[in-house]
Amino acid sequence: MEERLLEMAAKRGVDFADVRLEETRRLSLEMKDGKLKKAIPGSERGISVRVLVDGGWGFYSTNRFDNGEVEAGLDKAVRMARASAGARTEKAELAEIDAPHATAIWTPEKPPEKRTLEEKSDLLSDMYGAVKDLPELVSVTTAYGETTVRHRYLSTEGADLSTGLTRILAQTHFIAKNEHGITSGRARIGGTGGFEHFDREHPADKAVETARVTITQLSAKSAPGGKMTVIADPDLTGVFTHEAVGHASEADLVLAGDSCLEGMLGKQVANEIVTVVDDSTLPGGYGSFAFDDNGIPGQRKVLIESGIQKDFMSDRYTAKRLGLVPNGAARAESYAHRPLVRMSNTFIEGGDHSFEELFEGVKTGVYAKGTRGGQVDTAKGGFQFSAQEAYLIENGEITRPLRDVSVSGTILTTLKNIDALGNDWALGDPGICGKGQMVPVGDGGPTTRIRDAIVGGSS
Amino acid sequence: MQAAGLRIPGPTEKDSVDSLLSIGERIVETALSGGAESAEAFLLSGIGESYSIEKSSIGYTGGGGESGIGLRVIKDRRVGFAYFTEPDDRSAAVEGALDVARRGQKGDFSFPTGGSFPTVNGLYDPKIDQLGTEEGLAIIESLISGAREVHKGATVSGGSVGFGTDVVAICNSEGLSVGERGTSMGMSAYVVLKEGDQVATGWKSHEANTYCEPMRDPAAIGREASEQAKATLDAEPFGEGRKTTVVFHPHAAAALVEFITVPALFGDKAARGESHYSGKLGEEVVDPRFFVTDDPTRTGGLGAGAFDDEGLASRVVPLLAEGRVDSYLYDLGGAHEYGGGSEAATASGVRSGRLSDSRTYKDPPGVSARNVVFGATDPRPLERLLAHVEDGILAHDLLGAHTANPTSGDFSVSSTTLFRIKDGVLAGAVAPVMLAGNLPELLRGSFVGASVEVEQTSGHFSPTGIEAPYLALSDIHVVG
């Protein structure tokens with residue numbers, strides 16, 4: 001089917017076409033308070049074709065392979081591309097690459113499909129069992145998910161790729177309550193691969209650790225609002241890096257005039273201790289992949305080196321427009337979506353401060369850990385992210401827990417206000433990034449000290 | 001032996017609802033003959049097109065179609081689920097669903113028997129079915145030209161127009177057989193304005209089920225986005241952090257209500273102690289003038305429909321009324337487990353994936369609001385609402401509303417497009433601030449009012465329609 005579709009595209013006079021055929025198998029389980037509530041097995045198959053005609057883009061996707069739907073979709077994409085070409089102010093072109101021919105099937109060390117549904121259900125029971133006797137927990141939801149995707153990528157330039165990978169995730173979500181109040185917490189483990197992720201740290205152990213922390217947050221008081229030093233753990237540093245640096249370094253946003261980092265290549269944008277990397281080759285990273293959805297190998301991309309903006313994440317189209325070398329950042333949520341410029345695993349490189357040294361001299365500040373997510377306005381450079389747990393720092397010491405701490409700032413100012421990095425680099429919890437499409441990502445970094453961050457508190 | 005060659009029709013094909021139901025009935029028959037005691041098929045077929053803006057020019061154009069089937073079976077009082085895309089794969093799907101059922105919890109769940117359904121208007125517009133590339137490109141051109149009319153230096157960095165049609169059909173072994181066709185359309189413009197060192201942004205969108213009036217003037221949407229960006233140039237710092245009155249734009253108010261208030265009214269969360277409204281049925285929890293209703297029967301509601309994703313007839317569900325928790329939302333499973341039986345179900349079964357804003361056949365139904373309407377029982381025109389504010393801000397956007405703590409109701413978010421309100425009138429743009437507070441407490445003791453003017457928007461992480469007014473709350477901590 002996919003070869004035939006490509007031949008048909010060539011016959012219709014396109015300048016370029018690529019086809020992605022995707023087969024996905026999923027299983028998700030959800031247990032509430034020890035009772036299995038959801039078990040969702042499923043599989044699907046879909047195809048998309050993307051065409052470039054006279055400098056205009058057209059795209060069509062479908063999971064309906066009957067009644068000439070795929071062929072009609074191709075015709076539709078060609079018509080749309082041709083019609084839009086005349087309306088473009090600048091014709092779309094692609095940066096040149098060597099057409100890839102490869103097979104890259106990443107097989108997990110411990111493939112989930114070799115485990116029974118009972119074993120996976122038992123895993124959730126173990127996670128629940130580990131925390132169920134903590135009296136403050138009023139409800140516990142445990143969840144498991146596995147997704148195995150196989151892709152075939154072909155292009156009119158001769159590309160022919162077969163790729164595959166599996167992602168796995170285990171999560172515990174708790175609600176804790178006592179006379180002081182009510183709050184929630186979440187523990188996640190997962191990545192690209194299989195059950196080997198749970199050998200390194202068992203989800204039940206992480207559930208216990210996180211549940212205890214969640215309980216301590218019950219007695220937390222509201223954070224003081226205002227400008228102060230924030231010390232972020234590796235998980236929260238990862239979200240900050242993702243939100244504040246990663247999105248603004250996506251070449252499609254730079255090209256659209258929607259990034260405060262536009263025009264900053266080669267310029268100092270951060271303190272010289274800061275090096276920011278997006279690396280889709282990290283073994284086991286939740287955002288890792290072998291080839292992007294333009295057929296370019298996944299790679300380590302140094303975005304900021306010693307405070308200097310060195311590169312943006314790009315696909316073939318944005319790289320051509322911006323005069324960059326495409327670096328494998330094209331990702332689509334599924335066959336039904338066109339590839340966008342996206343992050344993979346994004347982090348700040350580690351530093352040389354011990355954990356204790358980071359707190360020295362901090363008169364008043366906040367130590368923030370874990371994350372509830374964040375958001376960025378890339379054009380203005382404003383960002384916000386929320387911590388899962390936080391503590392007040394007074395005279396260099398952690399003194400008391402704070403509840404629901406969020407931090408905001410502007411990208412260029414905050415990057416320059418990072419004045420110390422810990423020697424404890426780690427990848428944070430697996431995450432999902434939304435940019436119109438949802439894709440799995442990883443992020444991380446060292447414990448990071450940020451001066452003059454804005455803490456949104458209510459006391 | 002099953003016949004081969006069943007084909008799911010495209011949503012715009014004639015008789016697509018009947019065709020889907022016919023396939024669904026075959027699937028239910030297969031499930032019953034495969035060992036299920038009862039079965040339900042949910043079929044979805046959709047098609048759409050989209051056109052995006054890229055730096056004041058057309059960007060991508062694209063289209064697509066998707067269809068699939070979600071199958072639920074009951075055996076030995078246990079429920080199983082599987083999804084698939086080819087009707088001819090139904091036997092394997094039945095086996096998969098029965099396998100899941102064997103491992104499930106026993107319960108008293110049963111599928112609904114059907115009955116009468118309300119007439120809900122404003123769900124389908126044949127004019128949207130007829131839109132194509134020519135119209136899509138013309139709309140993009142208008143969005144851009146409208147934005148640039150206001151300020152020639154404006155860059156329309158993003159935005160899009162999209163339109164589509166879908167058909168949903170549900171049938172089960174208890175006699176339910178119901179289907180519905182709907183259309184949707186949305187357009188938006190995102191403007192970036194740079195003057196010297198200043199960067200201002202403006203955004204405007206419009207969504208509807210029909211090709212209604214605002215859709216016919218895309219240039220006005222572009223103009224409004226550009227005007228908003230222009231108005232936020234020369235923003236002044238807010239000053240020292242303090243408590244103040246904040247009037248939230250409908251989209252900002254909708255985000256807070258979507259992420260904090262609505263989930264707290266899900267029956268399962270309330271029963272499991274996961275909600276700040278747990279155990280408070282009938283208790284006074286908000287200002288008596290503030291209300292929240294789920295109304296999937298509302299004409300043209302983005303989440304409206306004659307039935308929910310389990311086939312229960314839609315009805316209006318008052319959630320917060322006269323200051324009290326009037327009702328919780330239940331899907332059928334939740335009604336059985338937490339509400340005392342199927343009578344408690346509020347037709348709130350929705351099929352959507354995690355973090356997904358669209359319906360899917362890939363998930364079984366879960367509880368969700370479908371078409372939220374909230375506001376004040378004594379709404380005032382925006383001008384009069386602002387007139388009550390001596391010193392405050394009007395927040396057009398919120399960054400990070402999804403990071404609020406839905407359990408406690410605490411939020412701490414950033415706003416980058418906002419204006420000062422001084423002595424009841426707008427008095428210039430304000431530089432970004434953080435806004436923090438506890439929404440349940442604010443709705444109880446700091447509710448100032450809501451506007452007559454409302455906007456429709458879709459949920460960020462659920463296929464919920466939301467009709468939201470400007471919402472004014474006092475005592476919000478603002479940090480500049």
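To the nearest 0.5 angstrom, B:Tyr361 atom OH is 10.5 Å from B:Ser45 atom OG. Taking CD1 of B:Ile53 as the reference point, atom CG of B:Leu143 lies at 5.0 Å (rounded to 0.5 Å).
Only the backbone of A:Val140 comes within contact range of chain B, judged by heavy atoms closer than 4.5 Å. With a threshold of 4.5 angstrom between heavy atoms, B:Ala401 approaches chain A through N, CA, C or O but not through any side-chain atom. Looking at B:Ala97, neither its backbone nor its side chain comes within 4.5 Å of chain A, counting heavy atoms on both sides. For A:Asn63, the parts sitting under 4.5 Å from any heavy atom of chain B are the backbone and the side chain alike. For A:Ser408, the parts lying near chain B are the backbone and the side chain together; criterion is any non-hydrogen pair under 4.5 Å. Interface remark: B:Glu141 contributes no atoms to any contact with chain A (heavy atom separation under 4.5 Å). A:Tyr317 touches chain B through its side chain: at least one heavy atom from C-beta onward sits under 4.5 Å away, while N, CA, C and O do not. Both the backbone and the side chain of B:Glu66 come within contact range of chain A, judged by heavy atoms closer than 4.5 Å. Contacts of B:Gln198 with chain A are absent, with no heavy-atom separation under 4.5 Å from either backbone or side chain. Of the atoms belonging to A:Lys35, heavy atoms from both backbone and side chain fall under 4.5 Å from chain B. Of the two parts of B:Ile8, the backbone and the side chain both hold a non-hydrogen atom closer than 4.5 Å to a non-hydrogen atom of chain A. Of the two parts of A:Asp33, the backbone and the side chain both hold a non-hydrogen atom closer than 4.5 Å to a non-hydrogen atom of chain B. With a threshold of 4.5 angstrom between heavy atoms, A:Ala81 approaches chain B through N, CA, C or O but not through any side-chain atom. For chain B, the nearby parts of A:Leu255 are the backbone and the side chain; heavy atoms of each come within less than 4.5 Å. In this structure, the portion of A:Arg338 lying under 4.5 Å from any heavy atom of chain B is its side chain and not its backbone. For B:Tyr51, the part lying near chain A is the side chain, with the backbone staying farther off; criterion is any non-hydrogen pair under 4.5 Å. The part of B:Thr155 that comes within reach of chain A is its side chain, from C-beta onward, which places non-hydrogen atoms under 4.5 angstrom from that chain. Proximity to chain B is absent for every atom of A:Arg82, based on heavy atoms less than 4.5 angstrom apart. With a 4.5 angstrom heavy-atom cutoff, A:Val51 does not touch chain B via any of its atoms. Contacts of B:Lys269 with chain A are absent, with no heavy-atom separation under 4.5 Å from either backbone or side chain. At a 4.5 Å heavy-atom cutoff, the contact between B:Ser52 and chain A is made by side-chain atoms alone. Interface residue A:Glu262: only side-chain heavy atoms are found under 4.5 Å from chain B.
Ranked by heavy-atom pairs under 4.5 Å with chain A, the first of B:Leu399, B:Val199, B:Thr133 is B:Leu399. Ranked by heavy-atom pairs shorter than 4.5 Å toward chain A, the options B:Glu134, B:His276, B:Glu240, B:Lys194 are led by B:Lys194. Chain B forms the most heavy-atom pairs under 4.5 Å with one residue out of A:Gly42, A:Gly73, A:Gly381, A:Ser28, and that residue is A:Gly42. Comparing A:Lys32, A:Lys38, A:Lys177 by how many heavy-atom pairs each has under 4.5 Å with chain B, the most go to A:Lys32. For the set A:Pro41, A:Gly373, A:Ala87, the entry with the most heavy-atom pairs within less than 4.5 Å of chain B is A:Pro41. For the set A:Ile454, A:Asp404, A:Leu117, the count of heavy-atom pairs under 4.5 angstrom toward chain B peaks at A:Asp404. Taking chain A as the reference chain and counting heavy-atom pairs below 4.5 Å, the highest number among B:Asp268, B:Asp410, B:Thr85 is found for B:Asp410. Ranked by non-hydrogen atom pairs under 4.5 Å with chain B, the options A:Glu90, A:Arg26, A:Glu69, A:Lys227 are led by A:Arg26.
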task = Please report the C-alpha distance between B:Arg103 and A:Glu118 in whole Å, then the side-chain angles of each, then the deciding distance to 0.1 Å, and finally whether the salt bridge (Lys or Arg N to Asp or Glu O under 4.0 Å) criterion is met.
result = CA-CA 8 Å; B:Arg103 292 160 170 83; A:Glu118 277 79 7; 2.9 Å; yes
query = Run the side-chain hydrogen bond (donor to acceptor under 3.5 Å, both in side chains) check on A:Asp315 and A:Thr318 step by step: do they pass?
reply = CA-CA 6 Å; A:Asp315 60 5; A:Thr318 55; 2.5 Å; yes
request  = Could you walk me through whether A:Arg50 and A:Tyr60 pass the side-chain hydrogen bond (donor to acceptor under 3.5 Å, both in side chains) test, one step at a time?
outcome  = CA-CA 7 Å; A:Arg50 187 175 66 142; A:Tyr60 199 86; over 6 Å; no
ask   = Does the salt bridge (Lys or Arg N to Asp or Glu O under 4.0 Å) test come out yes or no for B:Glu337 and A:Lys37, once each step is laid out?
value = CA-CA 11 Å; B:Glu337 186 158 4; A:Lys37 292 291 184 185; 2.3 Å; yes
task = Check the pair B:Glu13, B:Arg7 against salt bridge (Lys or Arg N to Asp or Glu O under 4.0 Å), reporting the backbone distance first and the verdict last.
result = CA-CA 12 Å; B:Glu13 290 178 33; B:Arg7 176 187 156 267; 2.5 Å; yes
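Ring planes of B:Tyr83 and B:Phe81: tilted class, angle from 30 to 60°.
We find that A:Glu44 and A:Arg25 are not joined by a salt bridge, their nearest charged nitrogen and carboxylate oxygen being 4.0 Å or further apart. We find that A:Arg403 and A:Glu389 are not joined by a salt bridge, their nearest charged nitrogen and carboxylate oxygen being 4.0 Å or further apart.
Taking all atoms of both residues into account, the shortest heavy-atom contact from A:Glu243 to A:Gly374 is OE2-O, 3.2 Å. Counting all heavy atoms, side chain and backbone alike, B:Ser278 lies closest to B:Ala270 at OG-O, 2.9 Å.
Put simply, the side chain of A:Met80 does not reach to within 4.5 Å of the side chain of A:Trp57, judged on heavy atoms. Residues B:Phe259 and B:Phe461 meet the side-chain proximity criterion, which asks for heavy atoms closer than 4.5 Å. With contacts defined as side-chain heavy-atom distances shorter than 4.5 Å, the pair A:Val138/A:Phe174 does not qualify. Taking the side chain as every heavy atom from C-beta outward, B:Pro406 and B:Ile260 never approach each other to under 4.5 Å.
Checked by atom type, the side-chain pair A:Thr183/A:Gln217 shows no donor-acceptor distance below 3.5 Å.
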